[in-house]
2 protein chains.
Amino acid sequence: MTLDALPSHPGGAENLARLLARALLAGHWQPGDLFPKELDIGRHFVVSRNQVRNALASLTATGLIERTAGRGTLVREMGEWHLLDPLMSEWMTGLVNLDPQLVRAIYAFRFSAEPTVAGLAAQAASAEDIARLEAAFEGMRRSAGNPDARAQHAEYDVAFHDATYRATHNLVWRQMGHLLRPSIMALVHRSQHDIKTLDDSLTRHRHVLEAIKACDAHAAETAAREVLRRTAIDLGIVS
Amino acid sequence: MTLDALPSHPGGAENLARLLARALLAGHWQPGDLFPKELDIGRHFVVSRNQVRNALASLTATGLIERTAGRGTLVREMGEWHLLDPLMSEWMTGLVNLDPQLVRAIYAFRFSAEPTVAGLAAQAASAEDIARLEAAFEGMRRSAGNPDARAQHAEYDVAFHDATYRATHNLVWRQMGHLLRPSIMALVHRSQHDIKTLDDSLTRHRHVLEAIKACDAHAAETAAREVLRRTAIDLGIVS
DNA sequence: CTTGTTAAAATGTCAGACATTTAATAAGCT
DNA sequence: AGCTTATTAAATGTCTGACATTTTAACAAG
């Protein structure tokens, strides 16, 4: 794989990193492949070696590549990627070609973890957390009917789940909220979002909200599981 | 806080990063404080500005600090730290002054997550996973009586839990295994490790192993919870 | 065929100059 | 005095070129 297929004018090491990362996430290179050399990248995008090195340093930090002096830059396999790094989440969101194996892995994680998270949230949520959840739910409800507001609806969806993780009041769980964004954003492109589907999704979210408000951990767990069953259908994991 | 209290001769940007990170993790600076300037750090440790910048780039990537041109380097608060970054785990292991709030947060996470993880492992473990678990358990058993082998015992302990996370065969859960190392290593310094305690811990681990071997998810969940109750006592979280 | 040497290529490091951003300070006006 | 505007200093960001180190491959000697 060469650089020719990639858009140009990155403008800044961050953008260059995002560009290269997305190409990697989309599978433009196979694990074990040699990544282009610093100087080639610099020539192609017309940026200094500094910018290239900074961008590649980010990719190294997230486990996407591995660099050794003299040999060059190797592409690492998916199992080595730091999926929980916030940078990764940012790079994954909006990527349409995300590896289905990865989508399923993230979904499987959520399906096993999120009921527990919802249960913890029911025990620990403060008034502020409840307010955040209600605001997000209200946003979802408002943008549900409008077919032009799919992206906005997804944002509120992300906000709802993120608020759930935050409501656990646990530093570690809270960080995992980042992983939700790419997972939920993938829904925008894969599901048809007809009225019936959205209404069903909304109802299931409402049950989670109510269970958390009622401080009923068991009900929250069950309700979260129901939300994720809906998500599985929308992601095409189960029919 | 100045740099005077820190040991010198880091030798390489990685070591310098570890050094500074540990000072941050130990609370030598308060959130919102100004971190030393690049040139001062370089002078103090007798390293080039490049090394300093590389080290600080790592600290930035893990959310420990925040840098802006003109203003300087600010220390971020604990809630912003990327606790799931493998680098963080490496920096945290062996740190004796780890913030008690952080230790409790990590423990609370494990207490809520690890039963689920053990349950998943019971469903998905392969023969290879079982072998890893048995090898780790055997190592724990062998090093249990010997008071000189506390560090080795802890390594096997880490290996056991890491094997559990790996046995879920889920990319996301697997990454969280990194978080175990600092949590378990903290035990070495905090508990007395008398024979009775170790024997009890060993028995509880054995129950997890047997439940996973029997593919009994529910039993694995319960057994994992029991292991963590023992851990809570050893960490001094409950008496 | 093996071994040791050499050469090329790639990443890592350094040093210096310069650019940009920010904050504090001073000047000047109403 | 009070407010606005230049000026200056300090800090991080960037660029460039040269050099160091590591690895691989080619090649020659035994």
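These values consider heavy atoms only, across backbone and side chains, with no hydrogens, waters or symmetry-generated copies. Naming convention: chains lettered A, B, ... in sequence-line order (proteins, then strands); numbering from 1 in each chain.
- No side-chain N or O of A:D234 forms a donor-acceptor pair with one of A:T231 less than 3.5 Å apart.
- In the displayed structure, B:R76 atom CZ is contacted under 6.0 Å by more than 12 heavy atoms of other residues, nucleotides or ligands.
- Using bins of under 30°, 30° to 60° and over 60° for the plane-to-plane angle, the ring pair B:F35/B:W29 lands in the tilted bin.
- For the contact set between residues 56-72 of chain B and DNA chain D, defined by any heavy atom under 4.0 Å, the members are B:R67, B:T68, B:A69, B:G70, B:G72.
- We find that CD of A:E14 is positioned 14 Å from C1' of D:dT14, with the value rounded to whole Å.
- Rounded to a whole Å, the CD atom of A:E38 is 14 Å from the C1' atom of D:dT22.
- Between the side chains of B:D157 and B:H153, no donor-acceptor pair is found at a separation under 3.5 Å.
- For D:dC15, one of the phosphate oxygens OP1 or OP2 lies less than 4.0 angstrom from a side-chain nitrogen or oxygen of A:Q51.
- Taking atom NZ of A:K37 as the reference point, atom C1' of D:dT22 lies 14 Å away to the nearest angstrom.
- What separates CG of A:N54 from C1' of D:dC15 is a distance of 11 Å, to the nearest Å.
- Applying the side chain to side chain donor-acceptor pair (under 3.5 Å) test to every pair with at least one member in residues 52-68 of chain B, sequence neighbours left out, gives these pairs: B:E38-B:R53, B:E38-B:R67, B:R67-B:T73.
- Residue A:R181 places its CZ atom among 12 or fewer non-hydrogen atoms of other residues, nucleotides or ligands, all under 6.0 Å distant.
- If you check the side chains of B:H44 and B:D40, you find no donor sitting under 3.5 Å from an acceptor.
- Using modelled atom types and a 3.5 Å distance limit, the side chains of B:E114 and B:Y165 yield a donor-acceptor pair.
- Counting 5' to 3', DNA chain C first comes under 4.0 angstrom of a heavy atom of chain A and last does so at the ends given by C:dA10 to C:dT13.
- As a whole-Å value, the separation of B:N50 CG from D:dG13 P is 13 Å.
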